[in-house]
Amino acid sequence: MTFPKDFMWGGATAANQIEGAWNIGGKGMTITDAATAGTVSEPRYITYKTEDGEPGKTTIFNQLPKGAKRAVIDGYYYPSHEGIDFYNRYKEDIKLFAEMGFKIFRMSISWSRIFPKGIEEKPNQEGLDFYRKVFEELKKYDIEPLVTLFHYDMPVYLEDELGGWSNRELIDLFEKYSEVVFKEYKGLVKYWLTFNEINSSLLMRTFIPNYPNEMVCKAMQILHNQFVASARAVRIAHEVDSNMVVGAMLGGVCNYPLTCNPDDVLYCQKHWQEDCYYCMDTMARGEYPYYAQRLWKEYDMVLDTEEQDFIDLKEGKVDMITFSYYSSGCVTKDESAEKAKGNFTSGAKNPYLKYSEWGWSIDAQGLRYILNELYGRYQLPLMVVENGLGAIDKLEEDNTIHDPYRIEYTKEHIKAMNDAIEDGVNLIAYTYWGCIDLVSASTGEMKKRYGFIYVDRNNDGSGTLKRYKKDSFDWYKNVIKSNGEEL
Ligand code: BG6
């Protein structure tokens with residue numbers, strides 16, 4: 001195996017999926033705090049109150065009725081409220097990460113712990129203190145934090161009162177938030193990511209049937225505002241500390257043409273441009289790519305921009321590219337082809353691949369493919385910051401958990417990373433997603449477990465929250481110890 005000596009092995013999480021303590025320590029409510037738990041077949045809902053105070057719910061991919069505001073309503077269960085209680089158990093969890101030999105740990109800061117509504121003059125000291133304690137605990141074990149500034153948990157005030165990322169005001173508010181945390185954690189945090197899976201808003205059009213054109217236009221405006229906010233954050237990080245490394249984070253949508261019919265091949269190329277490169281080209285090269293004009297024309301989009309935006313984009317190019325990778329998808333013009341699911345990949349089912357219990361394809365070679373694609377295009381250091389298998393695990397009576405399927409999945413993906421490194425790709429880190437069981441983002445379940453560490457918590461919120469090591473815990477520990485030699 002050819003992993004470089006200083007390769008950073010680790011795990012990844014996000015605040016709203018682990019912390020809990022949703023209204024503790026001065027934290028404001030985020031949009032995730034109004035999201036209920038679903039299952040693979042039952043959707044997650046957002047609960048709200050209408051202008052007249054009537055309670056209601058809609059699925060997480062839908063818009064709220066006009067004038068409605070997200071609300072926590074009696075009788076519903078909200079998994080983010082307790083998460084896996086990382087807020088209180090971070091020391092125990094970090095100790096377990098250290099025992100596995102983690103060199104890096106990806107986590108996110110919840111904006112609303114720092115600015116509860118997002119608009120306050122001064123930051124919330126208790127929130128700042130909490131993350132400082134977590135970073136110091138990581139430092140104790142020489143684990144490098146990798147911190148995402150925005151991992152889907154928007155302060156609810158910004159979404160419901162200010163209209164969310166469609167509103168340019170958020171650019172300034174995000175700039176302020178990033179400046180505060182960069183200054184606060186200077187010397188403690190070197191690696192930062194601005195927006196988790198920044199391409200996600202545009203990807204909705206590919207997996208929500210009959211997605212309206214106006215929503216695609218809204219997504220492009222949201223993205224523009226996020227690109228500018230991200231660029232400004234990159235610039236500030238470099239001003240605060242020239243050692244800070246700030247990356248873009250992409251939902252790694254790896255698409256293949258379903259057939260060699262040129263219609264499918266061209267359609268697939270279009271997907272790569274719109275699903276991945278539209279975002280990465282802009283963030284890594286500092287300007288919109290050539291095909292952006294075609295895309296805007298296709299949807300009759302007129303972007304709301306200011307001259308300074310384009311200067312910001314140029315001055316705030318990212319230092320590295322990071323992405324999530326779970327599965328690949330197939331693209332075809334043939335509407336009768338059998339459909340498949342995936343993490344933002346939709347489209348047709350690949351007859352050469354197996355699928356997980358949640359219907360996501362299992363395709364380690366796709367990881368080698370996307371690594372080469374991204375490195376070939378940008379020649380920037382890469383990190384795989386999410387990858388893993390969500391599966392049903394069984395806690396045995398003797399408190400063991402046997403998860404050979406997870407070991408198998410991870411082993412194959414590590415081999416694929418090794419192949420990519422041999423291809424010449426500059427891959428510097430791997431943070432396995434959900435290294436400790438956490439709340440699933442898409443379904444809100446606990447049953448979809450990714451972790452090397454089992455958390456005794458069930459879909460309905462029952463369970464002791466006790467942590468147990470799965471078989472994969474010792475396996476991953478040995479992978480790290482041998483720097484990928486022993487799989
Ligand atoms: C990514 C997100 O899309 O996929 C994570 O960044 C999420 O937050 C992960 O948890 C896996 O998806 P899920 O739905 O299985 O939790």
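By convention here, the first residue in the shown sequence is residue 1. The basis for the numbers below is simple: all heavy atoms, side chains too, and nothing from hydrogens, waters or symmetry mates. Indexing begins at 1, ligand by ligand and atom by atom, following the structure's order.
- Close contacts between ligand 1 and Ser440 involve ligand atoms 13 (P), 14 (O), 15 (O), 16 (O) [criterion: under 4.0 Å to a heavy atom].
- The residues Arg89 and Asp93 are annotated as not salt-bridged, no charged nitrogen and carboxylate oxygen being separated by less than 4.0 angstrom.
- Residue Tyr326 places a heavy atom less than 4.0 Å from ligand 1.
- Side-chain contact between Leu146 and Thr322 is absent, with no heavy atoms from C-beta onward closer than 4.5 Å.
- Salt bridge status for Arg132 with Glu184: present, with a side-chain N to carboxylate O gap under 4.0 Å.
- Counting heavy atoms closer than 4.0 Å to ligand 1, residue Asn196 contributes side-chain atoms (C-beta onward) but none from N, CA, C or O.
- Heavy-atom proximity to His151, at under 4.0 Å, picks out these atoms of ligand 1: 2 (C), 5 (C), 6 (O), 8 (O).
- Between atom 5 (C) of ligand 1 and the options Glu386, Glu445, Glu197, the minimum heavy-atom separation is to Glu386.
- Residue contacts with ligand 1: Thr443 is placed with no nitrogen or oxygen under 3.5 Å of a nitrogen or oxygen of the ligand (distance criterion only).
- Taking a cutoff of 4.0 Å between a charged side-chain nitrogen and a carboxylate oxygen, Glu412 and Lys415 qualify as a salt bridge.
- Near Ala441, with a cut-off below 4.0 Å to any heavy atom, the atoms of ligand 1 are 7 (C), 8 (O), 10 (O), 13 (P), 14 (O), 16 (O).
- Residue contacts with ligand 1: Trp360 is included, with a non-hydrogen atom under 4.0 Å away.
- With respect to the salt-bridge test (charged N to carboxylate O, under 4.0 angstrom), the residues Glu19 and Lys27 do not qualify.
- Using a 4.0 Å cut-off between charged side-chain N and carboxylate O, Asp393 and Arg449 make no salt bridge.
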